[in-house]
*Asks:* 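Can you read through this structure? Questions will come right after.
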Amino acid sequence: MFTKRIIPCLDVNNGRVVKGVNFVDLKDAGDPVTVGEAYGKAGADELVFLDITASSDARATKIDMVRRVAETVFIPFTVGGGIRTVEDFKLILREGADKVAVNSAAIKNPQLISEAAMKFGSQCVVVAIDAKRRKDGSGFTIYKNGGRIDMGIDAIEWAIEADRLGAGEILLTSMDCDGTKNGYDIELTRTVSDNVSIPVIASGGAGKLEHFKEAFIEGNADAVLAASLFHYKELEISEVKDYLDKEGISVRKS
Amino acid sequence: MIAIVDYDAGNIKSVEKALAHLGEECITTRVPDEIYTADKIILPGVGAFGDAMKKLEDSGLADVIKNAALNGTPLLGICLGLQLMFESSSEAEGVSGLGILKGKILAIPPKEGYKIPHMGWNSISIKSDSRLFKDIPQNSYVYFVHSYYLKAESEEDVAASTEYIVHIHAAVEHDNIFACQFHPEKSGDTGLKILKNFCCL
């Protein structure tokens, strides 16, 4: 049975996990390797590492982290944040990451998507989209640079374009819902998912068990991402999976 | 010593790291002698069938792999590596595969409500006497990423199968030849156990 995926997201700065992770018995809750391994054991289907390092040696610390994570984490993982070139893709994939997420650089230069897909295969190109509802209710617009700059581009159109250029997956974050714990943006998720041929990961807003079900059933998401909810152990991955299983949604249970 | 065939086709590092984690000695190489003298050979791969076959042919590695297989060296193909071991693929019409086993690689047909590639965790139905899946429970989950799938000529060769739009031959086993469409190196403890089974043959 093909399953829906549950993906914890870890923010990393200078090689350290930023938001504290409340796992019991973690020797170093700031170490991406330790945290990644713990999530693997806890039943995560994949991991996303979002590197927010701004320093000049950002690339080197990122690659070092990927190398170390790949030594102990044997589930798929994605690395995003500060990816600008095909060379960045190469360095990260070479060290053992499975997918690379691009956001701002792909908006600036959409050909990056097709070049990376041609060179490394679509399966490793994740296009991250930060979307926000327009005030006039006419749909969603995309932002770049961590949600600071309104690009004035329609989110649905951009997702369709990313699919056409060869993206393998869309990581779709609702800026309106992110951090609210009021649930994923179902309309956004559903509209994007129904308009692209590739998997969509819903992100932003998870607060309780029902939200996961909504994202899959009503939002038609293929995977869901959550961060603080898991980090602070408000919900455990196994709890979410037990619930979804009971609700008739197929998940991987070991 | 296990030789991982290096032909510039992606994700080799993950296989190397998984073997290191299992305490297995391995070498990533394209040197024929190192492949011929290895106890076992792994043919990994991510990417396109046509490009990969061209690289294997141009480098002479295609013949090295075929000869080693004929000599009885245990060989494990992973993902694209599985596909390359068969006769042909609809991804690259007119291109011959290694032809070590009989069967064809076909495109997963589109279907309403399904995304392609088949990307994520799916359960496998395992043939009971399989050596590769020794002590792996029935319906275990493994990680797949592919748009083309294997239809082996002989059901006898199929060690595990899965369902996604179509019936997919997920793993094969024939004498010294083994292959998985999924990624054991990314399938958590189940995947590591499968790799360990291959290493312990």
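Just so we're on the same page: letters track the sequence lines, and every chain starts at 1.
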*Asks:* List the atom of B:L195, the atom of B:A18, and the distance in Å for their closest heavy-atom pair.
*Replies:*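 Of all heavy-atom pairs spanning B:L195 and B:A18, the closest is CD1-CB, 3.8 Å.
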
*Asks:* So, A:S193 side chain and A:T189 main chain: donor-acceptor pair closer than 3.5 Å or not?
*Replies:* no

*Asks:* Using a strict cut-off of less than 4.0 Å between a Lys/Arg side-chain nitrogen and an Asp/Glu carboxylate oxygen, indicate whether A:D88 and A:K62 qualify as a salt bridge.
*Replies:*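 A salt bridge is absent here (no side-chain N lies under 4.0 Å from a carboxylate O).
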
*Asks:* Let me know if A:F2 has heavy atoms under 4.5 Å from chain B in its side chain, its backbone, both or neither.
*Replies:*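 When you check distances to chain B, atoms from both the backbone and side chain of A:F2 fall under 4.5 Å.
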
*Asks:* Applying side-chain contact (heavy atoms from CB on, under 4.5 Å) between A:I7 and each of A:V48, A:T78, A:L47, report the one that passes.
*Replies:* A:V48

*Asks:* Between A:D64 and A:R68, is the closest basic N to carboxylate O distance under 4.0 Å?
*Replies:*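 So A:R68 pairs with A:D64 through a salt bridge.
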
*Asks:* For the pair B:E57 and B:K54, find out whether any cationic side-chain nitrogen is under 4.0 Å from an anionic carboxylate oxygen.
*Replies:* no

*Asks:* Checking heavy atoms, do the side chain of A:R5, its backbone, both or neither come under 4.5 Å from chain B?
*Replies:*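 Side chain only.
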
*Asks:* Based on non-hydrogen pairs under 4.5 Å, which of A:E46, A:K4, A:K119 is most in contact with chain B?
*Replies:* A:E46

*Asks:* Will you find, in the side chains of A:E37 and A:T34, an N or O donor that is under 3.5 Å from an N or O acceptor?
*Replies:*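 Short answer, no.
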
*Asks:* Could you check which of A:V196, A:V200, A:I75 has the highest count of heavy-atom pairs closer than 4.5 Å to chain B?
*Replies:* A:I75

*Asks:* Chain B heavy atoms under 4.5 Å from A:D222: which part of the residue, side chain, backbone, both or neither?
*Replies:*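 Just its side chain gets close to chain B.
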
*Asks:* Do the ring centers of B:F144 and B:H146 come within less than 6.0 Å of each other?
*Replies:*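 Yes: the rings meet the under 6.0 Å criterion.
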
*Asks:* Which of residues 110-139 of chain B have a heavy atom under 4.5 Å from any heavy atom of chain A?
*Replies:*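 When heavy atoms of chain A are the reference, residues 110-139 of chain B contributes B:K115, B:I116, B:H118, B:M119, B:G120, B:W121, B:N122, B:S123 within the under-4.5 Å range.
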
*Asks:* Are more than 12 heavy atoms from other residues, nucleotides or ligands located less than 6.0 Å from atom CG of A:D57?
*Replies:*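 Yes, the 6.0 Å shell around CG holds more than 12 heavy atoms from other groups.
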
*Asks:* Name the option with the most non-hydrogen atom pairs under 4.5 Å to chain A; the candidates are B:G188, B:G191, B:A48.
*Replies:*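 Greatest number of close heavy-atom pairs with chain A: B:G188.
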
